[in-house]
Amino acid sequence: MSEKELRREMAVLPISVVRELTGLSDRQIRYYDQQGLITPKRGAGKQRRYSLNDVDRLLEIADYLDAGYTISEIREVEHKQIIRRQQASSDAALRNALQDEFLKIGRFGNQSHF
DNA sequence: GTTCTGACA
DNA sequence: TGTCAGGA
């Protein structure tokens, strides 16, 4: 694992920073945490400490969310992503794997939304 | 002052 | 989801 990856995983960001970086309300950020979409580390006093990966994940989550996906749908895909990580070595492969999963659930394919 | 959990006019 | 309470 490269140092870059390690740094992306160090959870040092307070929720206030994540809030500005993602444009999400802290209410939403904590809610997604409850739903298991993100798992920030905890610092003194149970305070959440986010990593750059968490920020990235939140950005994606917010993206899929207003694209019409539900929390559970995202949670399922995220779960499969963990399994894929053990198989897919490159980021590109991971991306494609994710895309596939969402396409399968397909809210865009033929079903109409709105 | 900041963050946390639980709750709901 | 916003927002308030009450505590750390």
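By convention in this document, chain letters (A, B, ...) are assigned in the order of the sequence lines, proteins followed by strands, and residues within each chain are numbered from 1.
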Quiz item: Could D26(A) and R30(A) be called an ion pair, given the rule that one side-chain N must be under 4.0 Å from one carboxylate O?
Solution: yes
Quiz prompt | Nearest-Å distance for atom pair NZ/C1', residues K46(A) and dG6(B) | solution = 14 Å
Practice problem: Measure the shortest side-chain to side-chain distance between E5(A) and R8(A) over non-hydrogen atoms and say whether it is less than 4.5 angstrom. | Solution: no
Self-check item: Rounded interatomic separation in angstrom, taking CZ from R19(A) and P from dG2(C)
Solution: 11 Å
Self-check item: Distance test, side-chain N/O of Q28(A) to OP1/OP2 of dT1(C), below 4.0 Å
Solution: yes
Exercise. Please work out if R49(A) contacts a base, only the sugar-phosphate, or nothing of the nucleic acid, heavy-atom cut-off 4.0 Å.
Key: nothing
Self-check item: Aromatic ring pairing Y64(A)/F102(A), orientation class (parallel under 30°, perpendicular over 60°, tilted between)
Solution: parallel
Exercise. Output yes when at least one side-chain N/O atom of Y32(A) is less than 4.0 Å from OP1 or OP2 of dT1(C), else no.
Key: yes
Quiz item: For the side chain of R30(A) and the base of dT3(B), is some donor closer than 3.5 Å to an acceptor across the two?
Solution: no
Practice problem: Calculate the interatomic distance between Q34(A) atom CD and dG6(B) atom P; express it in whole Å. | Solution: 7 Å
Quiz item: Less than 4.5 Å apart, any side-chain heavy atom of Y50(A) and any of I38(A)?
Solution: yes
Practice problem: Take Y50(A) and R27(A), find for each the nucleotide of DNA chain B with the closest heavy atom, and name the residue whose nucleotide sits nearer the 5' end. | Solution: Y50(A)
Quiz item: Atom CD1 of I29(A) to atom P of dT3(B): distance rounded to whole Å?
Solution: 10 Å
Quiz item: dG2(C) C1' sits how many Å from Y31(A) OH, rounded?
Solution: 14 Å
Practice problem: With a 3.5 angstrom cut-off on both distances, give the Watson-Crick or G-U wobble partner of dA9(B), or none if there isn't one. | Solution: none
Exercise. Could you let me know what dA8(C) is paired to, Watson-Crick or G-U wobble, both distances under 3.5 Å, or none if it's on its own?
Key: dT2(B)
Exercise. Rounded to the nearest angstrom, tell me the gap between atom CG in D66(A) and atom P in dT1(C).
Key: 10 Å
